[in-house]
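Everything quoted here is computed from the prediction, not taken from an experiment. One-based numbering along the sequence shown.
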Amino acid sequence: MVKKEDKLSFIKEALLKRQKEHRLRSLKAVTPIYGTSRVTVGAKELINFCSNDYLGLSTHSEVIQQSLEFNKKFGVGSGASRLVSGTLSIHEELEAKLASVFEIEAALVFNSGFQANTTILSTLADRNSLILADKKCHNSLIQGAVLSRATFKRFEHNDLNHLEDLLKEALQKDYNRIWVVSETVFSMDGDQSNVQELAKLCNRYNALFYSDDAHAVGVLGEKGLGFNFGKTGIDISLGAFGKAFGSFGAYAGCSKEIKEYLINFCPGFIYTTALPPAVIGALDAALDLIPKMEAEREQLHQNIQMVKNSLQELGFDVGKSDSQIIPIIIGSEEETLACSRFLEEQGVWASAIRPPTVEKNASRIRITLTVKHSQDDIHKLLEVFREWKER
Ligand SMILES: *Cc1c(COP(=O)(O)O)cnc(C)c1O
């Protein structure tokens, strides 16, 4: 039997181990300087290169206005889960508008991207299914796959040949269904998948296709509507609202039939309180704005190109980034941490990403660019990286 004093020793030990490896994480409270790219941490002002508020919509006046409006009209809470009395008219209107803007049959709103991935995948697969996910998929998709109890295999990152090998192998087995899971833009590398080719492959092997568009919606693709937009052969198209939409939540784009199935069988949809009116208001306004923000996106894309080119000219490895997410791959953990501290001392805040989030020797500084970064901010960023290189 476990001794009384030992019951919680696993916690101490795990934390101590993390500490010894210099991998112990902690939270840092910041104060955003409203509507700018800057935050203050204590007395220090930093340019924020870690935010996913790519279009700056979290502080857009029309978004705030509509959020306040819904707050006043409907109250601060939805009062119940969607199937009880939590589906307000505004939830249905948002879903209808999402379907119309994204030109999909139906949309179902979830409380977060993490929750959606975890619960949808585990609802649509079971112990007799096979899930094949890209090696660099977001943790939420992995949790969903594990929770489903399906046979779970990973294919090499963006390697369609490897995926096809696994699909061929699966023909010998008696799975009730096969899901292929990938993302359009990968969170840690900022590179892209080939949605069209993935969809074709799924079609050829009669597999279902789950494509997570979290980082692309709002920023990339036609009218900023992501890379799933306009593509056929996607069974679940996931979009997140915590990034370019500037607010919170997520949606699954799917057929009307899958939507009805999820409403009836998906625990992470059924057993949770519906998103509050203020969030729905913000999303409603953001959805009106996003297709119209071509000028902002154009400027952002110019900045992305400029930053990527300049970093490469300075001799940095930015991997295969093809988006607003740019990794600066340093290699060792120590060097990465030192670089991150150097940046911070110089007023630039970028996240240091280390194992287990990325592979060993692939530690990196990861920056995200948003429309709130001024030309001065960007010059500052490049200047600090140049100084780091020349130190
Ligand atoms: C951010 C992200 C999520 C999680 O979305 P949240 O709304 O933040 O929970 C899921 N998948 C991918 C690919 C993401 O980048």
Side-chain angles (χ1 to χ4, degrees), residues 25 52 78 81-84 86-87 91 94-95 98 104 106-155 157 175-188 193 198 202 207-217 226 228 234-245 247-255 258-276 279 283 356-358:
R25 298 173 174 193
N52 300 328
S78 60
S81 62
R82 290 284 305 271
L83 277 169
V84 180
T87 298
H91 290 88
L94 176 66
E95 288 175 342
L98 284 163
I104 45 181
L108 187 63
V109 168
F110 285 81
N111 287 10
S112 81
F114 189 95
Q115 189 167 339
N117 282 339
T118 305
T119 196
I120 295 172
L121 204 48
S122 57
T123 303
L124 297 179
D126 63 28
R127 61 175 81 241
N128 298 314
S129 314
L130 171 67
I131 296 176
L132 301 172
D134 188 288
K135 257 203 176 142
K136 293 203 172 171
C137 271
H138 193 266
N139 183 278
S140 53
L141 293 163
I142 298 169
Q143 300 296 335
V146 170
L147 191 61
S148 74
R149 287 176 280 191
T151 303
F152 177 36
K153 294 182 184 170
R154 320 283 296 272
F155 56 94
H157 180 49
Y175 296 114
N176 62 0
R177 75 197 73 112
I178 301 170
W179 276 97
V180 169
V181 180
S182 190
E183 290 172 22
T184 60
V185 172
F186 290 85
S187 323
M188 292 303 135
S193 66
L198 280 165
C202 288
L208 294 152
F209 183 25
Y210 193 120
S211 184
D212 183 338
D213 216 5
H215 282 290
V217 281
N228 287 344
I234 302 173
D235 296 283
I236 295 284
S237 164
L238 195 100
F241 295 139
K243 291 165 179 145
F245 272 77
S247 182
F248 190 64
Y251 67 91
C254 56
S255 69
I258 291 180
K259 176 172 171 172
E260 190 181 1
Y261 184 83
L262 291 172
I263 291 171
N264 280 277
F265 293 101
C266 187
F269 174 82
I270 300 169
Y271 301 105
T272 189
T273 302
L275 283 177
V279 170
L283 295 173
T357 311
V358 292

remark   = Of T184, N228, N117, the one forming a side chain to side chain donor-acceptor pair (under 3.5 Å) with D212 is N117
inquiry  = Applying ring-ring contact (aromatic ring centres under 6.0 Å, His included), can you list everything that pairs with Y271, at least two apart in sequence or on another chain?
reply    = none
task = Let me see the working for D126 and R177 under side chain to side chain contact (heavy atoms under 4.5 Å, CB included), right down to the final yes or no.
result = CA-CA 9 Å; D126 63 28; R177 75 197 73 112; 4.0 Å; yes
note = Nearest heavy-atom approach of V185 to A216 is CG2-CB, 4.0 Å
inquiry  = With rounding to the nearest 0.5 angstrom, report the CG to OG distance, D213 to S182.
reply    = 10.5 Å
ask   = Closest approach of S148 and A125, non-hydrogen atoms and distance?
value = CB-O, 3.7 Å
query = Taking it one step at a time, do Y251 and L94 satisfy side chain to side chain contact (heavy atoms under 4.5 Å, CB included)?
reply = CA-CA 10 Å; Y251 67 91; L94 176 66; over 6 Å; no
remark   = Output for pair (L208 CG, C254 SG), nearest 0.5 Å, gives 12.0 Å
message = Using every non-hydrogen atom in the two residues, find where K259 and A106 come nearest and quote the distance to one decimal.
response = CD-CB, 3.8 Å
query = To the nearest 0.5 Å, what is the distance between CG (L132) and CZ (R154)?
reply = 11.0 Å
query = With no hydrogens and no angle check, is any side-chain donor or acceptor of N111 less than 3.5 Å from a backbone partner on T273?
reply = yes
key: Contact summary for F114 and Q143, nearest pair of heavy atoms   = CZ-CG, 3.9 Å
task = Mark yes or no for whether H91, through its side chain, and L275, through its backbone, hold a donor-acceptor pair below 3.5 Å.
result = yes
message = Assess the residue pair S193 and L198 against the criterion (side chain to side chain contact (heavy atoms under 4.5 Å, CB included)); give the C-alpha distance rounded to whole Å, side-chain angles, the decisive distance to 0.1 Å, and a yes or no.
response = CA-CA 8 Å; S193 66; L198 280 165; 3.9 Å; yes
task = Using ring-ring contact (aromatic ring centres under 6.0 Å, His included) as the criterion, list what pairs up with F245, not counting sequence neighbours.
result = F241
ask   = Could you give the distance from CG (D134) to OG (S211), rounded to the nearest 0.5 Å?
value = 10.5 Å
inquiry  = Using a 3.5 Å distance criterion without hydrogens, assess whether the side chain of R82 forms a donor-acceptor pair with backbone atoms of I263.
reply    = no
request  = Could you tell me which residues satisfy ring-ring contact (aromatic ring centres under 6.0 Å, His included) with F110, sequence neighbours excluded, listed by chain and number?
outcome  = F269
request  = Can you measure from CG (L262) to CG (L108) and round to the nearest 0.5 angstrom?
outcome  = 6.0 Å
query = Which pair of non-hydrogen atoms, one from K153 and one from Y175, has the smallest distance, and what is that distance?
reply = NZ-OH, 4.4 Å
message = I want to check something: taking the side chain as every heavy atom from C-beta on, are Y210 and I131 in contact at a cut-off of under 4.5 Å?
response = no
task = Search all heavy atoms of A133 against all heavy atoms of C137 and return the closest pair with its distance.
result = CB-SG, 4.3 Å
query = Has the side chain of T119 got a donor or acceptor atom that lies under 3.5 Å from a matching backbone atom of Q115?
reply = no
ask   = With distance as the sole test, does E95 use its side chain to make a donor-acceptor pair with the main-chain N or O of V109 at under 3.5 Å?
value = yes
task = Indicate yes or no: at least one non-hydrogen side-chain atom of S247 is less than 4.5 angstrom from one of L283.
result = yes
key: Side chains of P267 and T123 in contact at under 4.5 Å (non-hydrogen atoms)   = yes
ask   = Are L124 and F265 side-chain neighbours, meaning at least one heavy-atom pair lies under 4.5 Å?
value = no
key: Spatial distance of atom CG (L141) from atom CH2 (W179) [nearest 0.5 Å]   = 11.5 Å
